[in-house]
Number of protein chains: 2
Amino acid sequence: MNNTRFAIAIHILTLLDHSGKERLSSKYLAGSINANAAMVRKELSNLNAHGLVESKAGKYGGSSLAKPADAIKLSDVYRAVRQTPALGSKRDHPNPHCPVGKEINDHLSDLYQETEDILMSRLGERTLAEFSRQFA
Amino acid sequence: MNNTRFAIAIHILTLLDHSGKERLSSKYLAGSINANAAMVRKELSNLNAHGLVESKAGKYGGSSLAKPADAIKLSDVYRAVRQTPALGSKRDHPNPHCPVGKEINDHLSDLYQETEDILMSRLGERTLAEFSRQFA
DNA sequence: ATAACTGTAACATTAACTATTACAATTAAT
DNA sequence: ATTAATTGTAATAGTTAATGTTACAGTTAT
């Protein structure tokens with residue numbers, strides 16, 4: 001993950017937690033994050049698909065958490081935004097005639113998987129509530 | 001890390017381990033990886049700077065491991081190629097007038113750091129030798 | 001002298017990420 | 001009903017990062 005999606009998602013969720021039941025607009029969220037409102041809506045849409053936020057259209061619409069912050073694990077957030085493994089991507093088409101090239105991607109897959117498991121298990125021990133309550 | 005540098009580095013090191021004392025050329029390595037020789041040399045140069053490989057110029061030159069494979073931890077490899085934290089980058093300039101925006105990057109830094117520590121500690125338990133001996 | 005290398009720079013290409021604009025659909029208030 | 005504020009999403013553009021290529025000076029064994 002070389003992008004900022006995790007950072008944006010955590011930022012959104014922290015703001016929503018701090019706002020309680022009150023819905024926040026994508027424009028407001030974007031203002032705090034310093035990002036474009038349409039991008040924020042895209043991420044909200046993704047977080048919604050993962051059951052982390054709820055949104056309402058129309059005047060006085062906006063988004064709020066879909067469940068209590070202590071029920072949102074940071075691993076849920078990671079799972080929602082993750083695209084490639086933490087250790088990176090694999091190469092396409094290593095040489096199938098080389099004993100190492102032939103097998104490398106299988107062994108890398110195993111290693112990547114283990115690494116993701118470790119990461120998920122650590123992030124599974126932390127909640128949004130914990131993260132969020134650090135703020136002044 | 002959304003790139004393939006970890007995969008390339010591991011591939012290189014595995015090949016060098018398998019070749020024992022015999023030096024391998026960047027051209028040969030590139031052939032197994034299916035990458036450009038100049039790119040492979042760039043990574044070799046980086047791995048050399050991190051004390052993992054040794055290279056020799058000139059005819060019959062090439063690269064070999066700088067130390068035994070069981071003395072090379074996968075965390076050494078990760079450290080050598082890592083550019084951004086596993087969880088991604090942070091946003092530039094979140095809103096300093098927002099209580100959340102003002103602090104978010106500090107708290108994200110802490111979280112990212114912890115996550116890197118976990119990763120490093122797990123990868124520190126595994127060696128190149130272990131990885132390398134999986135191959136047929 | 002020659003051939004096979006490394007190391008590195010400069011440049012080109014491609015892919016990923018981020019940002020912008022636009023607009024139909026929704027909703028609450030008046 | 002009309003208006004205003006909002007979501008959701010598509011299309012597109014711009015920017016940055018990753019990958020690939022070419023070139024060549026310098027090194028070393030034969």
Side-chain angles (χ1 to χ4, degrees), chain A residues 1-9 11-12 15-16 19 22-31 33-50 52-66 81-85 87-94, chain B residues 1-9 11-12 15-16 19 22-31 33-50 52-66 81-85 87-94:
Chain A
M1 280 238 299
N2 215 353
N3 59 27
T4 60
R5 285 188 61 195
F6 185 84
I8 289 181
H11 196 147
I12 290 172
L15 287 168
L16 296 184
S19 84
E22 193 186 352
R23 282 188 290 267
L24 300 178
S25 72
S26 63
K27 191 178 171 188
Y28 175 85
L29 296 168
I33 296 168
N34 185 31
N36 185 278
M39 277 190 53
V40 171
R41 289 201 291 276
K42 266 187 232 167
E43 194 56 65
L44 282 167
S45 170
N46 176 53
L47 294 172
N48 179 281
H50 283 83
L52 304 181
V53 311
E54 279 170 354
S55 297
K56 193 176 181 191
K59 195 166 185 181
Y60 303 107
S63 302
S64 54
L65 293 183
V81 300
R82 175 196 117 94
Q83 296 172 115
T84 48
L87 294 181
S89 304
K90 295 191 278 281
R91 297 281 307 181
D92 288 340
H93 315 305
Chain B
M1 281 240 296
N2 215 352
N3 59 29
T4 61
R5 286 188 60 195
F6 185 82
I8 290 180
H11 196 147
I12 290 172
L15 287 167
L16 296 184
S19 84
E22 192 185 353
R23 281 189 291 268
L24 299 178
S25 72
S26 62
K27 191 178 170 189
Y28 176 85
L29 297 169
I33 297 168
N34 185 31
N36 185 277
M39 277 190 55
V40 170
R41 289 202 291 278
K42 268 186 230 168
E43 194 57 64
L44 282 166
S45 170
N46 176 53
L47 294 172
N48 179 282
H50 283 83
L52 304 181
V53 312
E54 280 171 354
S55 299
K56 194 176 180 192
K59 195 167 186 181
Y60 303 110
S63 302
S64 54
L65 293 183
V81 301
R82 175 197 118 93
Q83 296 173 114
T84 47
L87 294 181
S89 304
K90 294 192 278 281
R91 298 281 306 180
D92 288 340
H93 316 305

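Lettering follows sequence order; numbering is per chain, from 1.
Atom-to-atom, CG of A/Leu29 to P of D/dG8 comes out at 12 Å; the value is rounded to the nearest Å. Between the CZ atom of B/Arg5 and the C1' atom of D/dG20 there is a distance of 15 Å, rounded to whole Å. Atoms CG (A/Asp92) and P (C/dA15) sit 10 Å apart, rounded to a whole Å. For the pair B/Asn48 CG and C/dT6 P, the computed distance is 12 Å after rounding to whole Å. For the pair A/Ile33 CD1 and C/dC17 P, the interatomic distance rounds to 18 Å; values are reported in whole Å. To the nearest angstrom, C1' of D/dT6 lies 17 Å from CD of A/Glu54. Residue A/Tyr28 contributes atom OH, which lies 13 Å from atom P of D/dT6 at whole-angstrom precision. Counting to the nearest Å, the P atom of C/dC17 and the CG atom of A/Asn46 are 14 Å from each other.
For the pair A/Lys59 and B/Lys42, both in contact range of DNA chain C, the more 5′-proximal nearest nucleotide belongs to B/Lys42. Summary of the strand contacts: B/Ala38 and B/Asn3 both lie near DNA chain D, and taking for each the nucleotide with the nearest heavy atom, the more 5' one is attributed to B/Asn3. Where A/Ala35 and B/Lys27 each meet DNA chain C at their nearest nucleotide, the meeting point lying more 5' is that of B/Lys27.
Residue B/Ser26 places none of its side-chain N or O atoms closer than 4.0 Å to OP1 or OP2 of C/dC5. Here A/Asn36 reaches the OP1 or OP2 of C/dT20: one of its side-chain N or O atoms lies under 4.0 Å away. At least one side-chain nitrogen or oxygen of B/Lys56 sits closer than 4.0 Å to the OP1 or OP2 atom of D/dA29. Put simply, B/Ser25 has no side-chain N or O that comes within less than 4.0 Å of OP1 or OP2 on C/dC5. Between B/Arg91 and C/dA19, a side-chain N or O to OP1/OP2 separation shorter than 4.0 Å is present. At least one side-chain nitrogen or oxygen of A/Thr4 sits closer than 4.0 Å to the OP1 or OP2 atom of C/dT18.
Out of D/dA23, D/dT9, D/dG20, the shortest distance to the side chain of B/Met39 is found at D/dG20. Nearest to the side-chain atoms of B/Ala57 among the listed nucleotides C/dA28, C/dA10, C/dT6 stands C/dT6. If you check D/dA29, C/dG7, D/dT9 against the side chain of B/Tyr60, the one that comes closest is D/dA29.
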Next item on the list: Start with the C-alpha distance between A/Val81 and A/Glu43, add both sets of side-chain angles, then the distance that settles side-chain contact (heavy atoms from CB on, under 4.5 Å), and finish with yes or no.
Entry: CA-CA 9 Å; A/Val81 300; A/Glu43 194 56 65; 3.7 Å; yes
Checklist line | Test log, rule side-chain contact (heavy atoms from CB on, under 4.5 Å), inputs B/Asp92 and A/Asn34 | finding: CA-CA 8 Å; B/Asp92 288 340; A/Asn34 185 31; 5.7 Å; no
Next item on the list: With side-chain contact (heavy atoms from CB on, under 4.5 Å) as the test, would you mind laying out the steps for B/Lys56 and B/Arg23 before giving the verdict?
Entry: CA-CA 8 Å; B/Lys56 194 176 180 192; B/Arg23 281 189 291 268; 3.5 Å; yes
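As judged by a 4.0 angstrom heavy-atom cut-off over every strand, B/Ser63 is placed among residues making no nucleic acid contact. At the heavy-atom level, B/Arg23 lies nowhere under 4.0 Å from the strands shown.
For the atom pair A/Ser63 OG and A/Leu29 CG, the distance stands at 6.5 Å (nearest 0.5 Å). If you take OG1 on B/Thr4 and CG on A/Leu87, they are separated by 12.5 Å, rounding to the nearest 0.5 Å. Note: B/Lys90 NZ to A/Ile8 CD1 = 14.0 Å, rounded to the nearest 0.5 Å.
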